[in-house]
Amino acid sequence: MSDKVAAACGRLTMSLIHKAAEILRSGGLVAFPTETVYGLGADATHAAAVRKIFAVKGRPVTNPLIVHVADAEVARRYVRDWPAAAERLAGAFWPGPLTLVLPKQAAIVDEVTAGRDTVALRVPDHPLTLQLLQAFDGPLAGPSANRSTRLSPTTAQHVRDELGERIDLILDGGECHVGIESTVVDLCGDTPVILRPGGVSRQQLESLIGSVNVFEGHVSRDSPAASPGQHEIHYAPASPAFWFDAGDQENIETFLQKRDPDHIAVVSLSPVAGIAAERQIQLPGDPTAYARRLYAALREVDRMRCVAILIEMPPDEPDWTAVRDRLRRASRPLAQEI
Ligand code: TXA
Ligand code: MG
């Protein structure tokens, strides 16, 4: 690219970012890229704009939203308390896939936090969105840019396909390089609690702030969220999906005996015997590379309109915690199905 072309591209990008900031200021919705998944953004101080997010997603109003900010200094403006653990974690992981739950300031409207006195904050690691946050100069409420309970989008095209006409602008920042949602950590109590595993692991957190608990419970979709975002069905493809452990060959065979293998799709680490190769997607054995491709792969098998999707569960090891969490929410155990 010549310098002139590069300068023209830069100007075009900046004018798009200013347009996006303008839309946010006037109460509109902008989909934005992050390193994890695409977000659906509105001004977190503007109640009517935030209500639009819930309407477009079909999200229960009891499930609070994450708020994105430009840096830790801006984050501190929107919380009443900034404990030492927040300072350490923000210093180590922001911008990045870590969300901190802290007591909120009144400027963040109750619609964002579902009436809670706390707010979930993070600084996303994507150059376009960091520029947007600087231009907008405010807190950006942004859940994943998908219909509620469905798969999170990892490309702008995924957002277009699912929410296209219903939002004012989609900023296309390419493919998300982490691919699954951020780790959510509640810092309001005496001991930090991981509410959702993600790109930053428990081990990484504990090496900086000591002992961290993990929220284990699940809440059904209808009950008022005791701990929000812990809905059992989440991130799910449209076709029924079932997970199996490597070496579960016997269960797979029993399952296939009762169904037409031509209508079964597979997402796995290694090929499954008895299913045609064109309906199988093999994902990498490295957790980081796997996570990056997971949602796109699930969307791809979903488009095959099969009667069932079989998903191989990666090993029960710390590096796979976040991926295993998403797979358990997206599918049911095959062993219980046969
Ligand atoms: O990676 C991500 O976190 C992406 C990108 C767009 O930043 N966002 C995302 O947002 O996944 P969403 O809304 O799909 O998930 C937000 C999670 C939910 O589990 C929600 O319940 C939890 O954060 N959460 C938000 N505010 C909270 C609060 N005040 N207390 C506890 N949990 C909260
Ligand atoms: Mg989501």
Side-chain angles (χ1 to χ4, degrees), residues 30-42 44 50 53-54 56-69 78-80 93-105 108-126 129-130 132-133 139-154 158-159 162-163 171 173 176-189 192-200 215 217-219 221 224-236 291 295 322 325-326 329-330:
V30 174
F32 58 93
T34 81
E35 78 284 28
T36 59
V37 301
Y38 274 73
L40 177 58
V50 173
I53 294 182
F54 287 91
V56 166
K57 278 183 65 86
R59 181 176 175 115
V61 291
T62 49
N63 193 3
L65 311 176
I66 287 179
V67 173
H68 300 76
V69 287
Y78 297 103
V79 297
R80 298 194 309 277
F93 298 113
W94 282 357
L98 179 67
T99 298
L100 304 178
V101 175
L102 292 159
K104 83 173 182 83
Q105 287 286 0
I108 304 292
V109 294
D110 288 343
E111 280 77 359
V112 169
T113 64
R116 282 161 189 270
D117 197 30
T118 57
V119 60
L121 288 162
R122 87 176 190 100
V123 178
D125 188 13
H126 194 290
T129 297
L130 287 171
L132 171 64
L133 288 168
L140 180 64
S144 51
N146 51 284
R147 301 272 309 159
S148 185
T149 76
R150 307 311 300 279
L151 297 165
S152 295
T154 53
H158 294 163
V159 183
E162 204 161 307
L163 305 175
L171 284 180
C176 302
H177 71 258
V178 173
I180 59 175
E181 303 81 353
S182 62
T183 305
V184 179
V185 186
D186 186 344
L187 293 179
C188 298
V193 184
I194 297 179
L195 300 179
R196 179 177 72 183
V200 174
F215 178 84
H218 287 294
V219 183
R221 203 132 35 113
S227 180
Q230 300 296 335
H231 303 311
E232 229 166 316
I233 304 167
H234 209 151
Y235 317 108
Y295 288 144
D325 170 78
R326 300 310 185 275
R329 290 163 195 268

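What you see is a predicted model; the values in this text were computed from it and never measured. Atoms within each ligand, like the ligands themselves, are counted from 1 in listed order.
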Using only atom types and a distance under 3.5 Å, with no angle test, would you say the side chain of [X] pairs donor to acceptor with the backbone of [Y]?
X	Y	result
Glu35	Asp125	yes
Arg116	Lys104	no
Thr183	Gly198	yes

Any N/O pair [X]/ligand 1 closer than 3.5 Å:
X	result
Arg122	yes
Thr34	no
Thr113	no

Backbone, side chain, both or neither: what part of [X] comes under 4.0 angstrom of ligand 1, heavy atoms only?
X	answer
Arg196	side chain
Asp186	neither
Arg59	side chain

Against heavy atoms of [X], which atoms of ligand 1 measure under 4.0 Å?
X	answer
Ser144	8 (N), 9 (C), 10 (O), 12 (P), 14 (O)
Leu65	25 (C), 26 (N)
Ser182	1 (O), 2 (C), 3 (O)
Ala120	25 (C), 26 (N), 27 (C)

Is there a side chain to side chain donor-acceptor pair (under 3.5 Å) between Ser182 and Thr99 once you walk through the steps? CA-CA 6 Å; Ser182 62; Thr99 298; 2.8 Å; yes
Of all the heavy atoms in Asn63, does at least one lie under 4.0 Å from an atom in ligand 1? yes
Any His68 heavy atom less than 4.0 Å to ligand 1: yes
Would you sort out whether Lys57 and Ser144 count as a side chain to side chain contact (heavy atoms under 4.5 Å, CB included), showing the intermediate values? CA-CA 9 Å; Lys57 278 183 65 86; Ser144 51; 3.6 Å; yes
Do Tyr38 and His126 have side-chain heavy atoms sitting under 4.5 Å apart? no
Any side-chain heavy-atom pair of Ile180 and Ser152 under 4.5 Å: no
Nearest-option assignment for [atom], heavy atoms, candidates [options]:
atom	options	answer
atom 5 (C) of ligand 1	Thr36, Thr183, Thr129, Ile66	Thr36
atom 22 (C) of ligand 1	Gly115, Pro64, Gly41, Ser148	Pro64
atom 6 (C) of ligand 1	Gly199, Ala31, Gly39	Gly39

Under a 3.5 Å threshold, yes or no: a donor from one side chain and an acceptor from the other, between Arg122 and Thr34? yes
So, is Asn146 placed with an N/O/S atom under 2.8 Å from the Mg ion (ligand 2), counting both backbone and side chain? no
Working note: Leu100 + Val79, criterion side chain to side chain contact (heavy atoms under 4.5 Å, CB included); need CA distance, chi angles, decisive distance, verdict. CA-CA 11 Å; Leu100 304 178; Val79 297; over 6 Å; no
Do His68 and Phe32 have ring centroids that are under 6.0 Å from one another? yes
